[in-house]
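The structure appears right after this line, and notes come after that.
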Amino acid sequence: MKVLVIGGGGREHALVWKLKQSPRVEKIWCAPGNGGIEADAECLPADPADVPALVALAERLSPDLTLVGPELPLVNAIGDAFRSRGWPIVAPSQQAAQLEDSKIFAKQFLQRQGIPTAQMYGVYDTAQVAVSALSGLNWPVVIKADGLCAGKGVFVAQDAASAEDFIRRVMDQNELGPGGKRLLLEETLEGEELSFIIVTDGQRYAPLVPTRDHKRIFDGNRGPNTGGMGAYSTDELLSPTLRQKILDSIVEPTLRGLTAEGIHYQGFLYVGLMLTASGPKVLEFNCRLGDPETQAIVARMDFDLAQVLADFAAGTLEPSRLKWKQGASVCVVIASEGYPGKYAVGRKIDGLTDVKRINGVEVFHAGTQRQGDSIIATGGRVLGVTAAGASIDSALSLAYEAVAKIRFDGMQYRKDIGAKAGRVRAVGD
Ligand code: AMP
């Protein structure tokens, strides 16, 4: 098999690393890839948002399978473009990608299908009307810009003044661009969050192992949101009862609802959940794998990913093939100084060779470039140090042993990834 992977972050490095282990895979291209992926795949320059250019690239390469990491190509209809040419691809259609592209579409879908989610107070297309709707609501209130906003579109407002400030910045000053043209207000849910990802060929589906990510920049969940500072996976995140409840009350109604509405969903579907006192509720959908969750997930895969995805693309996904390693895995993200604000770039990373000697640890690259023999930090999130172990504690100690060997000026990482492992509060447990 020749496989083309689209994207250039830690998620894509983790996928490339896993695909490379398959005896069926003879060639992997990654577009655009990064300084670490280069060691495992042929990296080709590409703009993941530019679907016509990606079509031209695939025309030239003729991959047996294309796997898409980020959301932009999906929203720009890469799934439709490839499938209409008969090219195998793991990517939902543009219509299906609305589940991520529009929070209003996703919320209205959840409501139509009677799937548990936070109560929506209303949808607004002017700041004036949104601000006047604030009176009489229970605080805190969650405000969500409708479109893709690079992780900046959700604000949990503690009071009317901060809510109004956010609404005006998004709608009057267009701080988030076109994604902020409309917004919704909704109830704030309380509980622990959980990432529940499935892969579906439109008929059958298979859940991946559950994960929890850490979005805030600082220990103790303080500071601004990021693209993810780490994640972990252990089966103890979910009791069998709760897992079944998520499948029965959320995953299956979602898939049935999509089919009933004429949406053929083929790809990964990420369900962001809040485990509330009255059961699991949907916070959001993503139409792709999450990062850093994917890094923790691949570390537990005990199956041939290329084989599973080839079956998927042929429309014959075989859920029983997805076998998982017992125990746990963890991914600790190392970020640049200043991230998630304006961050420093160009700093040389040391210690990567020492880490290679630690068994059970993989360092996936996100924002890096190779310059001669050196690896340079070029992004906000730079590396995902990923480890698997028999327990969450052993996975954590391996990952942090590796993190301690890596050095670059101003690097920052969280020291409490996985610290809450195993603590699940949800009815039905
Ligand atoms: P989303 O992109 O919709 O997942 O929102 C990003 C983050 O905002 C989530 O991971 C939650 O931490 C938080 N969030 C979103 N919606 C709610 C809600 N209704 N109640 C509480 N927190 C929320």
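Start at 1 and go down the list; that is how both ligands and their atoms are numbered. Just the heavy atoms: all of them, side chains too, but no hydrogens, waters or symmetry mates, feed the values below. Sequential numbering from 1 along the given sequence is applied to the chain's residues.
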Taking 4.0 angstrom as the limit, do R112 and E261 come out as a salt bridge?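 Salt bridge flag = yes for E261 with R112.
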
Presence of salt bridge, D416 and R222, under 4.0 angstrom: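 Here R222 does not pair with D416 in a salt bridge, since their nearest N and O are not under 4.0 Å apart.
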
Plane angle bin for F155 and F166 - parallel if under 30°, tilted between 30 and 60°, otherwise perpendicular: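 The arrangement is parallel - the two ring planes meet at less than 30°.
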
Would the number of heavy atoms belonging to other residues, nucleotides or ligands and lying under 6.0 Å from NZ of K152 be above 12?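 At most 12 heavy atoms, drawn from other residues, nucleotides or ligands, come within 6.0 Å of this atom.
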
Tell me if the CD atom of Q21 is crowded by more than 12 foreign heavy atoms within 6.0 Å.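 For Q21, atom CD is crowded (more than 12 foreign heavy atoms under 6.0 Å).
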
Collect the protein residues that have a non-hydrogen atom under 4.0 Å from ligand 1 and hand them over in chain and number order.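 Residues within 4.0 Å of ligand 1: K103, A118, V142, K144, V154, E186, E187, T188, L189, E193, M274, L283, E284.
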
Residues forming a side-chain contact (heavy atoms from CB on, under 4.5 Å) with V75, sequence neighbours excluded: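 V75: side-chain contact (heavy atoms from CB on, under 4.5 Å) contacts with A97, D101, L148.
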
